[in-house]
Amino acid sequence: MIEVILDSTISLNPAVKISDVNETINITGINRNSLIGCDYFNNLINPQKVKAVYQYAVVNGCVTDAPLTLHHKNGKLTIFHNKITPF
């Protein structure tokens, strides 16, 4: 079985810092190595909303289709539908 994931995938550590990203994360304009260790919320518009969604996922196990807006380093905004599954 071969699984191909074309979506951006971000792994977070318990401190909500980026611990890993796949190569499709280029929608930020920041290279993978520079993103690792960064605060996940810094690259998103409305970080308070994102933190609330993340906390909901921690308590309830999963959030799917949570619309979030990510900003590229050049200012371009990208809306994406997030799935947050804490483990």
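Heavy atoms only: backbone and side chains are in, while hydrogens, waters and symmetry mates are out. What you are looking at is a predicted structure, and each value in this text was computed from that prediction instead of being measured.
- Summarising the geometry, atom OG belonging to S11 is positioned 9.5 Å from atom CD1 belonging to I36; distances are rounded to the nearest 0.5 Å.
- The one candidate from V58, N60, V59 that meets the side-chain contact (heavy atoms from CB on, under 4.5 Å) condition with Y56 is N60.
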When the side chains of residues 46-53 are checked against the rest of the protein, which donor-acceptor pairs come out under 3.5 Å, sequence neighbours left out?
residue	atom	partner	partner atom	Å
N46	OD1	K49	N	3.3
K49	NZ	P67	O	3.2

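- When the side-chain contact (heavy atoms from CB on, under 4.5 Å) test is applied to L12, the partners found at least two apart in sequence or on another chain are I10, V16, I18, Y40, Y54.
- When hydrophobic residues (I, L, V, M, F, W, Y) are linked wherever their side-chain heavy atoms come within less than 4.5 Å, the members clustered with L77 are I45.
- Residues L35 and T28 have side chains in contact (heavy-atom distance under 4.5 Å, counting atoms from C-beta outward).
- Listed by chain and number, the residues in a side-chain contact (heavy atoms from CB on, under 4.5 Å) with N33 are N31 (sequence neighbours excluded).
- The list of salt bridge (Lys or Arg N to Asp or Glu O under 4.0 Å) pairs with a residue in residues 9-21, not counting sequence neighbours, reads D20-R32.
- Every side chain to side chain donor-acceptor pair (under 3.5 Å) that H72 has, sequence neighbours left out, goes to N74.
- Every residue was checked against the salt bridge (Lys or Arg N to Asp or Glu O under 4.0 Å) condition with D39, not counting sequence neighbours, and none meets it.
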